[in-house]
Amino acid sequence: MASGDRDSFQLASPRTTIPYPSRGGEIARIGPEEVRQRYGVDPNQVPDFIALRGDPSDKLPGAAGVGPKRAAQLVQRYRTLDGVLEAGLFKTQAEMLRLYRLIATMDAKAPLPLLADQEPTWGSASTLTRDWGLNQLADRLGEMA
């Protein structure tokens, strides 16, 4: 599963690693342990974390006054957004926080098309990534051609 969207971290599992673009054209491999290191929560808790923390790329404001550290603490303590709300926190924001979680939740059971096995076309990939201004990645792909 390759994605530049951190929402995809919720799909990390022992069988699924997320190749995630990082600085300098490098690709980080995100599995469950990397999600825990980055966010302090398990992959299945990422939508709850995002609902509380917010997500500027999806225009989700999150809970008022809650940043990443506090969101992780709340999810660790109460396990889910529902647990946080049942504890009596964010009463006036509960409906919106549930909506934010729904927006941040990826459907892991969505059907995907079957893809035929194919050989990578490293030269074409190098040209494309250079057109996008990803020169370091283009150089590495060019070396593989």
Side-chain angles (χ1 to χ4, degrees), residues 1-85 89-90 93-145:
M1 162 75 203
S3 176
D5 188 339
R6 292 175 299 207
D7 292 358
S8 67
F9 292 0
Q10 65 194 271
L11 302 175
S13 74
R15 294 185 54 199
T16 305
T17 299
I18 315 300
Y20 181 75
S22 60
R23 291 190 175 114
E26 297 296 318
I27 302 293
R29 297 179 58 81
I30 307 297
E33 187 54 36
E34 289 77 17
V35 173
R36 287 184 208 94
Q37 289 171 2
R38 284 175 181 246
Y39 289 161
V41 300
D42 290 329
N44 65 320
Q45 295 172 311
V46 167
D48 300 281
F49 171 82
I50 290 172
L52 290 163
R53 177 208 64 190
D55 186 346
S57 67
D58 289 335
K59 308 247 187 303
L60 301 178
V66 175
K69 185 175 180 181
R70 182 73 175 132
Q73 290 170 340
L74 289 168
V75 173
Q76 289 166 3
R77 180 170 182 185
Y78 297 105
R79 308 300 302 152
T80 64
L81 174 62
D82 291 329
V84 171
L85 299 175
L89 301 170
F90 310 110
Q93 300 174 65
E95 184 178 340
M96 292 308 295
L97 292 172
R98 286 186 183 104
L99 176 61
Y100 303 157
R101 179 182 55 195
L102 179 64
I103 292 168
T105 301
M106 299 182 84
D107 184 356
K109 295 181 180 176
L112 297 174
L114 294 176
L115 299 174
D117 287 341
Q118 27 184 311
E119 289 294 318
T121 53
W122 301 115
S124 296
S126 177
T127 301
L128 179 63
T129 54
R130 192 165 311 283
D131 290 345
W132 291 344
L134 302 171
N135 295 326
Q136 288 181 339
L137 178 58
D139 291 344
R140 286 200 326 269
L141 292 170
E143 290 170 7
M144 299 172 82

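Note: hydrogens, waters and symmetry copies are ignored here, and every other heavy atom, side chains too, is used. Note that the coordinates shown come from a computational prediction; the quantities given were computed from them, not determined experimentally.
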Peer 1: Closest heavy-atom contact between Gln10 and Pro47?
Peer 2: OE1-CG, 3.3 Å
Peer 1: Can a salt bridge be assigned to the pair Arg36 and Glu33 using a cut-off of 4.0 Å between side-chain N and carboxylate O?
Peer 2: yes
Peer 1: Which heavy atom of Asp7 sits nearest a heavy atom of Val46, and at what distance?
Peer 2: O-CG1, 4.4 Å
Peer 1: For a 4.5 angstrom cut-off between non-hydrogen side-chain atoms, does Asp42 reach Arg79?
Peer 2: yes
Peer 1: Has Thr16 got a side-chain atom pairing as donor or acceptor with Ser13's backbone, closer than 3.5 angstrom?
Peer 2: no
Peer 1: Within the supplied structure, the quantity of interest is the number of heavy atoms (other residues, nucleotides, ligands) at a distance under 6.0 Å from Gln76 CD; does it exceed 12?
Peer 2: yes
Peer 1: Checking Asp48 side chain against Thr80 main chain: does a donor-acceptor pair fall under 3.5 Å?
Peer 2: no
Peer 1: Give the minimum heavy-atom separation between Ala51 and Leu81, together with the two atoms involved.
Peer 2: CB-CD2, 4.1 Å
Peer 1: Looking at every non-hydrogen atom in both residues, tell me the closest pair between Lys59 and Pro61 and how far apart they are.
Peer 2: O-CD, 3.6 Å
Peer 1: If you measure from CG on Asp55 to CG on Asp5, what distance do you get to the nearest 0.5 Å?
Peer 2: 7.0 Å
Peer 1: Which heavy-atom pair separates Val35 from Ala12 by the least distance, and what is that distance?
Peer 2: CG2-CB, 4.0 Å
Peer 1: Walk me through it: do Arg98 and Asp82 pass the test salt bridge (Lys or Arg N to Asp or Glu O under 4.0 Å)?
Peer 2: CA-CA 8 Å; Arg98 286 186 183 104; Asp82 291 329; 3.8 Å; yes
Peer 1: Rounded to the nearest 0.5 Å, what separates atom CZ in Arg29 from atom OG1 in Thr17?
Peer 2: 5.0 Å
Peer 1: Would you check if the side chain of Ser126 reaches a backbone N or O of Trp122 as a donor-acceptor pair within less than 3.5 Å?
Peer 2: no
Peer 1: Does the side-chain contact (heavy atoms from CB on, under 4.5 Å) test come out yes or no for Asn135 and Arg130, once each step is laid out?
Peer 2: CA-CA 5 Å; Asn135 295 326; Arg130 192 165 311 283; 3.4 Å; yes
Peer 1: Is there a donor-acceptor contact under 3.5 Å from the side chain of Asp58 to the main chain of Leu60?
Peer 2: no
Peer 1: Counting only heavy atoms not in Arg101, do more than 12 fall under 6.0 Å of its CZ?
Peer 2: yes
Peer 1: Below 4.5 Å, heavy atoms only, C-beta onward: do Leu89 and Tyr78 meet side chain to side chain?
Peer 2: yes
Peer 1: Got Phe90 and Val66 here, is their nearest side-chain heavy-atom distance under 4.5 Å?
Peer 2: yes
Peer 1: Atom CG of Leu52 and atom CD of Gln45: how far apart are they, to the nearest 0.5 Å?
Peer 2: 11.0 Å
Peer 1: May I ask you to decide if Gly31's main-chain N or O and Glu34's side chain share a donor-acceptor pair within less than 3.5 Å?
Peer 2: yes
Peer 1: To the nearest 0.5 angstrom, please state how far the CD1 atom of Ile27 sits from the CG atom of Leu137.
Peer 2: 6.0 Å
Peer 1: Main chain of Gly123, side chain of Thr127: is a donor-acceptor contact present, judged purely on distance under 3.5 Å?
Peer 2: yes
Peer 1: Looking at CD of Gln37 and CD1 of Ile30, how far apart are the two atoms once the value is rounded to the nearest 0.5 Å?
Peer 2: 9.0 Å
Peer 1: Do Arg53's NZ or CZ and the ring of Tyr39 fall within the cation-pi criteria of under 6.0 Å and 45°?
Peer 2: yes
Peer 1: Which atom names give the shortest non-hydrogen contact between Ala104 and Ile50, and what distance separates them?
Peer 2: CB-CG2, 3.6 Å
Peer 1: Does any part of the side chain of Phe49, heavy atoms only, come nearer than 4.5 Å to the side chain of Pro68, both counted from C-beta?
Peer 2: yes
Peer 1: What distance do Ile18 atom CD1 and Leu11 atom CG have between them, rounded to the nearest 0.5 Å?
Peer 2: 5.5 Å
